[in-house]
Each structure stands twice: as C-alpha cells, then as structure tokens.
Protein chains: 2
Amino acid sequence: MSGRAVTLTDVATKVGVSARTVSRVVNNEGGYTPETRDRILAAIDELGYRPNLMARGLIRSGTDTIGLLTCEMLDPFFPEVAEGVNQASTKLGRTMLLAATHNDREEQTRVLSSFQGLGVDGAIVFPARDTFDDLRAAARAGLPIVIVNHLVTAPNISAVSADIQRGAELAVEHLADQGRSRIALLIESEAHHYPPTPRREAGYLSALERSGLPVDSDIIVPVFNSVEGGRDGLRRLLESTRDIDAIFAFNDIIAIGALQEMLSAGISVPDDVAIVGFDDISMCQAVTPTLSSVKIDREVLGMTAVEVLQDLIETGDAEARSLPVELVVRDSS
Amino acid sequence: MSGRAVTLTDVATKVGVSARTVSRVVNNEGGYTPETRDRILAAIDELGYRPNLMARGLIRSGTDTIGLLTCEMLDPFFPEVAEGVNQASTKLGRTMLLAATHNDREEQTRVLSSFQGLGVDGAIVFPARDTFDDLRAAARAGLPIVIVNHLVTAPNISAVSADIQRGAELAVEHLADQGRSRIALLIESEAHHYPPTPRREAGYLSALERSGLPVDSDIIVPVFNSVEGGRDGLRRLLESTRDIDAIFAFNDIIAIGALQEMLSAGISVPDDVAIVGFDDISMCQAVTPTLSSVKIDREVLGMTAVEVLQDLIETGDAEARSLPVELVVRDSS
DNA sequence: CTGAAAGCGCTTACAG
DNA sequence: CTGAAAGCGCTTACAG
C-alpha cells in the first residue's frame, strides 16, 4: 500500500548522516550536537518516520508491550479490568495488547503464540479452563505471566486474585445477620471444573457454619452463567421448595435473572426473599430493587496485575497478591 | 528470562538440515520428503519452537494481525463490536490486537504508532474526536484503516456505520404514532463536536417534521453521557416544563438515568411519559419497566468492519458500508 | 561527536 | 528434494 514505509536509513540519507546517528536521536541517547539533532528531528517529521518495532524488538530484550488475554470479552467483569491494565501499562510506557480466548484451549494457545511471536514483554491471563500446564510451558519458554483470579504459581508465573471466598462469606453472613436462615446458593453449573466457584461455595459453607446454620443441598442449585440461567435456577428452586428466605448468587448476572423471576412470581424482595449478587457490576444500580453485591475493584485488580507483571519482568520473580473485597448493601437485602 | 528462545536454526541444527528446510516445513511449502518433515516436526515439538513473528514480519508484507482501536472500553457498546471483530478475524486466520485511546488524540497517536510499528496489516478505528487528519496521515503512510461510525473516506481508508439517523427516526416516529406530541430529546452535550450526535438530532427533527409536530428547543436538552447525566437532564427538563409526554434519549445509559429520575419523581412510565433509548444494551431488559431502544447489531458491525478491512488490505480499495438498525419496543413506550 | 560492521531470526530468490 | 547467500530495519559493541 502506498509503497514502502520510511526507514531510519531514509532519514539518515536525507540529512546526510549515518543511520547510527539517527538511531541515537530517536532513542534520546545523547552524543550529538543540538544542531544535528534538530536537523534529524525535522527530517523525521517531514518524512513521517515511525520506528519499526519489529526490527527493534528483534534486537532488544522487549517491545514495551504487554498482552492481556481474557476468556470472555462480553462478561461485564472484564472491560474494567482491561481499563486498569491499560492505565497502569501506559504509565509504564507500555502498550497493552488485548485478545480473547472464549475459554477455549486451542484459541488460547494460538493467541499466546501470537503474543510471544510479536515479542510482548509479558502477559496477564484470565486462563481458559484446564490450561495451567500450557501456561507453565509458555512461562518456561520465556514469557512472564501473571494469572488473574487463580493463585497458581510456578517459575516465571505469578498471580493476582480478589479474595473471593471472603466475599462470599461477607454476603452470606450479612444475610444470616438479618435473621435469614434458609439461604439458597445459585452456583455456576460448571462449578467443579473451575477454581472461582469452589471458593464461593467454600465461603458460603463457612459462613453458614459460623452462623450456626445447617447446610441443605436441596437449596444449592447449579445454574448456567446468564440472566436466563438465573431465571431458570430460581424456577427449579421454587419447584422443589418454597421454604427459602434469602439467595446468594454466583454473580450479578445470575442474581438479576433470579430477581426478575421472583418479581414475576409475586415474591417480594427483600421482604419475602433477600438476594445478594457478586461482582457489583453497574447494572446492580439500575435494577429495581437495586441489587446488593460483593464489590471487587476491577480497575485496581487490573492495575495490580500490571505491577506484579512488571516485577516479574524486571526481577524474574514476583509474589502473588490477593485483593480485598467489600460488601455493598442495597435494597435487595 | 529462562534464557534465549528457540530459533529456526536451533531446530535445523538438531535435525541436521538447513534453516531453509525447516522454514519450508513450518510454512507448509512442500518440497520435502515426509520423513524429513516428520523429523523436523518432532524436533519443533520437542524444543517448543515458536516462529518469531517479528523476524517474519520484517520480511513479509504483513503479520496476520489487525488492530482494533477503541475510544472507550467501558462503554457497553464496545465489547460486542470487539467480539464481532475477533470472530471475523479469527476466521481469516488473523489475530486481533486491541487498544483503547480514551478519546484522546495523543493516546490515539501513540497506539497507532505502536500498531504500525508492530506491523499490523490494518486497523479498525473508533476515532477520537477531531482526528480524521491523523488517520488520513497514517493511511497515507501505508496503514489500511476502517473507521467505525463515521462515513469518512480517503485513500486507503474506508468506513462502516450503522444508519443512526434512520434509527432516531424510527424511535421518534414510533412515539409520534402513539399520539405523543411533546417529545423531548436528551442529547449528549458535546453534540456539536462529534458526528454521531448530529445524526440522531437530524433523525429526531426529520421525524417530527414528517409527523407534523413542531420543534421546541426548550425540550432539547444537552446532557452528559452517563446515568447521572440522564438523571440530571431530566431534572432540568422538569424544572423548565412538565409538558412532555415522551423522551428520546441519546443512548440507553442516559435513558436509564432519566427513567430512574422519572420513577422517583412519581411520573408513570409509559402512561405519563414514554421513553426510548438507543443502542439496545443488555441492561434494557433488566430495568423496570424494560426499556425500548434502537438496536444496532454490534457483533455484525464488528464483523462487517473486518470484511471491509480485508478488502482494503487485499485490493487497496473498499466501499464504505452502512448497516440497518431496528426498533425494539418494550414496556417503556 | 560520529560512523562502519555485525547480527537479531526469519524469508526470498537462486542454484543445484 | 535441499542448501548457501542476501537482506528486512534496526541496535549493539567498537573504533576514531
């Protein structure tokens, strides 16, 4: 298209100096007269020269980019994390590159290869299911990786995670403290294959125990991760028993489905049944009644991931970090 | 980290062939015995060789990547477009790289340089304000660009856009057809600096005219682009007049703010005042009453942008496309 | 303060 | 079917 791109040599030829001198100016190395510098900068401007990052990356250790690998772009959890990653990266002079894997192992492999091949200095990964071995292999091959929301560690790998179990405990204790004793759990259906879920379940169970409430597996309902999944889960719950007075949901999306279903079934929220979600997405404030939720500061999560990754890139080692969560009580509980 | 990455030459040395032969196998060029191929593939696997895309990109025309440049990651409009772009790219064997500009000219310039330097084959851009000249310059320098939602064209630039004006007309005609005659417009405040807004305003005006309704500038209210902006806009509207029976909002976020404010002001929706938003984000179905909206198929928008970009990359020319919109009527109107 | 040479990891002609 | 040479655009020692 439009012919060849402008190169360092083009600039050098135009000014009548060597490529080495232009390189010095481009990289602010010093060791040139102000006059030479000005002539070179003028030529760069005039010619529209942009350094070829591939050529540079081939030589230098890195390309000043970091890759962010997400499972699911459409999950409302995600954009705010990306925003935090982007901000923190920019502050470090790095460009964030983002790609999605749809929770698919092969797609993750493909994207990871692209990132490595493009010379990213490190990657922040929301891992697809059952791919920790792939990530360990990539790390061993030289790619520093920070895993989000799974406390995996290995050489050249670190992790950042919100304290999900504690969040679940806060939610369920809050419900128990109101005197609710039949607290149902709507849990994502692939629970037993995916780390985040057990942590929510663990928090639910430990909070029940601490509150002296019995566990009733009839009111622990696996659901699909969608609004419709929440609706459907509530219908199934009501078919088996009407004897519940609270619900803790895997996330806000599922909670909103359950909420809608309760309202259309004539159940009063929170008078008959209280409900608490998880994630504190912005929709919590838009629904009626507004939805209580466990808040994870997703931007901070993203920014922290970048900090840990930077550590890992620079020192080859970085301690995993866990971030606090917070319960936001609204009208639904 | 963990030493040097594995190169083509490492593989060649291990198998005892030349780099050229390994290159042939890696790129499926043919011209080798099955036996040679198998030995090379085995070595690649064992060594964990990954082609260095920077070296390859330095030679070949492209890197099989395309860049997606968004203004605002947090806008709910965006992830679905990105999803569409991602799907269509993957189908073409390309990796999508994504970065955000926050509607900031300098940040856009920085990201665009990174993308060019990394050798993306083309870019899909949600342009930051007043940056068409920058984009034209980048296109002239050899980067094929597809602009989203602005029908700009120039050499090496094409565009994809939803028919926003028609969407606005559909919404306002729908309200007028119900006999509503005092239809307010909540319009984003920076309206006159940004193309999308005039198109909505144009649709609003032309629909009023077609319906024989007068224009009253007192009920055209500029608001900030946020839920709070919608709330605030409605408060200001009610201060100046209570004589309205419908609202058309710039987007769903603003509409939801206005909706909340109406409900807390004791205004019945849609009996007293009907309201229609724009974009059809998923929250429309979660609020009470559910919100009517103009639907833009964002995934299709993203996929179409990729198709146009591919055309532009391959042929150096591609016609701009406009996508139809659809009115989704729900409980709020 | 400035430059000539080598090389990053690959592919592209070209030769056998 | 296989390989030796040149070169993509830059930077890294090294020399003056």
Side-chain angles (χ1 to χ4, degrees), chain A residues 3-41 43-44 47-65 113-114 116-121 141-142, chain B residues 3-41 43-44 47-65 113-114 116-121 141-142:
Chain A
R4 204 172 53 69
V6 179
T7 73
L8 195 67
T9 311
D10 295 333
V11 178
T13 306
K14 179 173 179 77
V15 179
V17 296
S18 72
R20 182 68 190 84
T21 302
V22 178
S23 173
R24 279 199 183 86
V25 171
V26 169
N27 295 294
N28 269 310
E29 286 177 44
Y32 34 75
T33 59
E35 194 236 332
T36 308
R37 189 200 56 205
D38 291 345
R39 284 171 54 219
I40 290 174
L41 288 179
I44 285 176
L47 263 33
Y49 168 70
R50 300 257 170 268
N52 184 319
L53 267 41
M54 293 182 286
R56 184 183 281 170
L58 210 48
I59 302 169
R60 286 197 189 159
S61 43
T63 50
D64 292 336
T65 56
S113 287
S114 281
Q116 286 183 81
L118 288 171
V120 302
D121 297 341
Chain B
R4 205 171 53 72
V6 180
T7 72
L8 195 68
T9 312
D10 295 333
V11 177
T13 306
K14 180 173 177 78
V15 179
V17 294
S18 72
R20 183 67 190 86
T21 302
V22 178
S23 174
R24 280 200 183 84
V25 171
V26 168
N27 294 294
N28 270 310
E29 286 178 45
Y32 34 75
T33 61
E35 194 235 331
T36 307
R37 190 200 56 206
D38 291 346
R39 283 170 55 217
I40 290 174
L41 289 178
I44 285 175
L47 261 33
Y49 168 70
R50 300 256 171 272
N52 184 320
L53 267 42
M54 293 182 285
R56 184 182 282 170
L58 211 48
I59 302 169
R60 287 195 189 164
S61 43
T63 51
D64 292 335
T65 56
S113 286
S114 281
Q116 282 180 265
L118 288 170
V120 301
D121 296 341

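Within every chain, numbering begins at 1; the chains are lettered A, B, ... in the order of the sequence lines, protein sequences first and strands thereafter.
Between the side chain of B/Asp10 and the main chain of B/Thr7, a donor-acceptor pair closer than 3.5 Å is present. Judged purely by atom type and a 3.5 angstrom limit, A/Arg37 has no side-chain atom pairing as donor or acceptor with the backbone of A/Tyr32.
What separates CG of A/Leu53 from C1' of C/dC8 is a distance of 15 Å, to the nearest Å. Distance A/Asn52 CG to D/dG9 C1': 6 Å, rounded to the nearest Å. To the nearest angstrom, C1' of D/dC8 lies 20 Å from CZ of A/Arg50. Distance A/Leu47 CG to D/dG9 C1': 15 Å, rounded to the nearest Å. If you take CE of B/Met54 and P of C/dC10, they are 10 Å apart, rounded to a whole angstrom. Taking atom CD on A/Gln116 and atom C1' on C/dG9, their separation rounds to 15 Å, with Å as the unit.
In this structure, B/Thr21 reaches the D/dG3 phosphate: one of its side-chain N or O atoms is under 4.0 Å from OP1 or OP2. The phosphate of D/dT2 has OP1 or OP2 within less than 4.0 Å of a side-chain N or O from B/Thr36. OP1 or OP2 of D/dG3 sits under 4.0 Å from a side-chain N or O of B/Ser18.
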### Letter per nucleotide, 5' to 3', of nucleotides 11-16 of chain C [B base touched, S only sugar-phosphate touched, - untouched; heavy atoms, 4.0 Å]
BBB---

#### Entry: Watson-Crick and G-U pairing of DNA chain C, under 3.5 Å, as dot-bracket with | and [ ]
|||.||||||||.|||

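Residues that satisfy the side-chain hydrogen bond (donor to acceptor under 3.5 Å, both in side chains) test with B/Thr9, not counting sequence neighbours, are absent from this structure. Every side-chain contact (heavy atoms from CB on, under 4.5 Å) that B/Ala19 has, sequence neighbours left out, goes to B/Leu8. Listed by chain and residue number, B/Glu29 satisfy the side-chain hydrogen bond (donor to acceptor under 3.5 Å, both in side chains) test with B/Arg20 (two or more places apart in sequence, or in another chain). Taking the side-chain hydrogen bond (donor to acceptor under 3.5 Å, both in side chains) definition, one finds that B/Thr13 meets it with nothing, sequence neighbours left out.
Of all non-hydrogen atoms in A/Ile44 and A/Val11, the two that sit nearest each other are CG1-CG1, 3.9 Å.
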### CA sep, side-chain torsions, deciding dist, call: A/Lys14, A/Val6, side chain to side chain contact (heavy atoms under 4.5 Å, CB included)
CA-CA 11 Å; A/Lys14 179 173 179 77; A/Val6 179; over 6 Å; no

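To the nearest 0.5 Å, atoms CD (A/Gln116) and CG (A/Leu118) are separated by 10.5 Å.
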